[in-house]
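Structure first, then comments.
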Amino acid sequence: MRIGRNEQFTSSYKSFQGSIDDLKIFGRVISQNEIRSSFEKYSEIVTEPELKSDVITVVDWNIWHGGTHFTLDEDGFDGIERIIEYIKNADEDIILMQETYGAGPKIYSTLGF
């Protein structure tokens with residue numbers, strides 16, 4: 001079993017760029033309550049979201065290499081910080097992101113997720 005590495009590629013470009021500190025493999029389907037209780041230690045509050053309506057808005061966003069192509073020095077803004085500000089002000093219920101390339105942990109920890 002390989003986790004986080006695709007042996008087909010020689011660079012880390014398409015490989016997992018984080019760390020895994022806890023891995024569990026089950027030989028059965030686990031319940032929603034088991035999942036919730038295993039993640040409670042990572043969050044101060046685990047609650048069900050309060051629905052504003054019966055319509056859910058979903059955005060699917062390719063953030064292009066984790067926002068790393070734009071820097072304060074060269075472009076006048078930081079790409080990752082701009083992504084964080086967009087999400088802070090977004091009115092969408094669910095935001096999906098592709099190409100986080102290691103920026104995901106900074107984005108979600110800055111936002112308190």
Side-chain angles (χ1 to χ4, degrees):
M1 175 172 63
R2 290 189 178 107
I3 298 173
R5 175 88 175 136
N6 186 333
E7 293 297 320
Q8 178 182 357
F9 302 103
T10 56
S11 74
S12 62
Y13 176 71
K14 292 189 177 185
S15 296
F16 176 68
Q17 297 291 319
S19 63
I20 299 172
D21 65 351
D22 192 8
L23 174 67
K24 296 177 183 174
I25 300 174
F26 296 86
R28 60 181 173 79
V29 175
I30 60 175
S31 72
Q32 182 178 2
N33 287 336
E34 287 176 289
I35 294 169
R36 181 178 287 118
S37 67
S38 70
F39 283 95
E40 283 179 339
K41 63 184 173 187
Y42 300 111
S43 177
E44 293 177 19
I45 300 172
V46 177
T47 60
E48 293 293 325
E50 188 175 314
L51 298 178
K52 298 180 225 173
S53 73
D54 60 350
V55 175
I56 295 175
T57 305
V58 179
V59 171
D60 188 9
W61 187 13
N62 183 326
I63 65 170
W64 192 41
H65 296 165
T68 59
H69 290 289
F70 298 102
T71 65
L72 195 55
D73 291 338
E74 291 184 22
D75 304 294
F77 64 93
D78 180 279
I80 296 173
E81 293 300 324
R82 186 171 272 189
I83 291 164
I84 291 168
E85 285 303 311
Y86 173 84
I87 294 171
K88 277 183 187 176
N89 299 312
D91 195 29
E92 292 80 19
D93 297 300
I94 299 171
I95 299 175
L96 308 170
M97 290 186 290
Q98 287 80 48
E99 292 197 29
T100 57
Y101 292 88
K106 179 178 181 179
I107 293 168
Y108 65 71
S109 64
T110 301
L111 294 168
F113 296 157

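Each residue takes its place number in the sequence, starting with 1. Hydrogens, waters and symmetry mates play no part in the numbers below; they use all other heavy atoms, side chains included.
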I63 and I107, any side-chain heavy atoms less than 4.5 Å apart: yes

Tell me which one of V55, I56, V59, V58 satisfies side-chain contact (heavy atoms from CB on, under 4.5 Å) with D93. I56

Distance, nearest 0.5 Å, that separates CD1 of I83 from CG of D78: 8.5 Å

State, with a plain yes or no, whether a side-chain heavy atom of T100 is found less than 4.5 Å away from one of Y108. no

Chi angles and distances behind the salt bridge (charged side-chain N to carboxylate O under 4.0 Å, His left out) call for E81, K106: CA-CA 9 Å; E81 293 300 324; K106 179 178 181 179; 3.1 Å; yes

Using modelled atom types and a 3.5 Å cut-off, is there a donor and acceptor pairing between side-chain atoms of D75 and backbone atoms of F77? no

For a side-chain hydrogen bond (donor to acceptor under 3.5 Å, both in side chains) check, start with the C-alpha distance between Q98 and N62, then their side-chain angles and the critical distance, and finish with the verdict. CA-CA 5 Å; Q98 287 80 48; N62 183 326; 5.5 Å; no

Rounded distance [0.5 Å steps], CH2 in W64 versus NE2 in H69: 4.5 Å

With hydrophobic residues grouped by side-chain heavy-atom distances under 4.5 Å, do L111 and I80 end up in a single group? yes

Atom CG of N89: over 12 foreign heavy atoms under 6.0 Å: yes

Pairing of E34 and K24 as salt bridge, 4.0 angstrom limit: no

Drop me the distance from I95's CD1 to Y86's OH, to the nearest 0.5 angstrom. 6.0 Å

N-O pairing of E85 and R82 below 4.0 Å: no

